[in-house]
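The block underneath contains the structure these notes are about, expressed in structure tokens.
For clarity, every value in this text was computed on a predicted model and none was experimentally measured. These values consider heavy atoms only, across backbone and side chains, with no hydrogens, waters or symmetry-generated copies. Counting starts at 1 for both ligands and their atoms, in listed order.
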Amino acid sequence: MHLELLELQRRIQGRVPLPWIELNADIITRHNAEARPLLAFESIPLELTDLRLLVRQTADVLRRFGALDDQDYQKVQAIGRDMKLLAVVGDWYRSAAERHTVAAVPVGATASSPSGGGADPIAEVLALAMRPFLSRCAEVLQQRSDLGLWTHSHCALCGGSPDFAVITPAADRMLICGRCSLRWKFASLTCPYCQNSERTRITSFAAHLGEHDYRVYACDVCHRFLKAFDARRATRPVMPVVDNVATLPLDAAAIQRGYSN
Ligand SMILES: [Zn+2]
Ligand SMILES: [Zn+2]
């Protein structure tokens with residue numbers, strides 16, 4: 001299923017033009033201070049025909065593999081045909097950014113669910129369909145050295161949450177955005193979901209699967225976990241979608257220990 005989805009996304013991604021995003025150290029510093037992601041929805045080079053196609057094809061694949069029930073499938077197809085598609089996608093896109101900007105303001109209690117919508121099947125389809133467009137945007141920011149000015153655990157570009165990570169040969173941990181695949185450096189032993197940085201309350205374990213080394217970081221405060229590809233002795237670079245699927249046994253192990261993703 002994931003390979004079919006990747007193939008669909010690849011076909012579109014080749015056609016997406018590189019966006020023009022104004023970036024410099026000042027802009028990144030300012031956005032960082034406000035915890036506000038850099039990419040406005042309006043700046044994404046969206047081709048509506050391609051987006052429509054991808055929304056519907058993604059729903060087809062998910063349903064064929066039993067990952068989308070009939071009711072949600074019909075809903076997605078309706079959204080795909082609807083003139084309001086752009087508005088729906090815009091709301092989906094902005095919801096992540098706003099969550100973080102609001103969270104940056106001092107809050108007394110954590111009222112909203114921090115899980116980031118993994119449970120909403122419609123959001124899942126939109127995320128998959130938007131990936132080729134957002135990934136192209138991420139390419140622009142990824143090349144910039146001043147990306148290092150970003151200090152948050154949510155994505156500097158789109159505001160998405162990290163859903164995978166990579167340990168570089170220099171032993172830095174880079175978080176990888178679940179929406180646009182941007183990678184950015186973040187403290188290795190700080191939980192990106194609740195910012196817990198107490199070493200004794202981070203459980204980390206290594207695993208060797210197939211040909212590759214991986215690591216799981218689990219937080220004993222919020223009980224979420226993050227998987228990472230350990231590139232220090234790897235023969236290939238991290239491939240987030242492939243590695244995420246290849247490490248499903250680690251999810252099972254983490255869940256068994258009482259963590260969730
Ligand atoms: Zn992102
Ligand atoms: Zn945590």
Is the shortest side-chain N to carboxylate O distance from [X] to [Y] below 4.0 Å?
X: Glu211; Y: Arg236; result: no
X: Asp213; Y: Arg232; result: no
X: Arg179; Y: Asp163; result: no
X: Lys227; Y: Asp243; result: no

### Task
Measure from the Zn ion (ligand 2) to each N, O or S atom of Cys191 and report whether any distance is below 2.8 Å.
yes
### Query
With a cut-off of 2.8 Å, which protein N/O/S atoms are close to the Zn ion (ligand 1), if we only count those under it?
Cys155 SG, Cys158 SG, Cys177 SG, Cys180 SG
### Task
Work out the angle at the Zn ion (ligand 2) between SG of Cys194 and SG of Cys222, rounded to 10°.
110°
### Neighbour count above 12 (heavy atom, 6.0 Å) for Glu42 CD
yes
### Query
Quick check: are there more than 12 heavy atoms from other residues, nucleotides or ligands sitting under 6.0 Å from CD of Glu7?
yes
### Message
Can you classify the ring geometry of His212 versus Phe229 as parallel (below 30°), tilted (30 to 60°) or perpendicular (above 60°)?
### Response
tilted
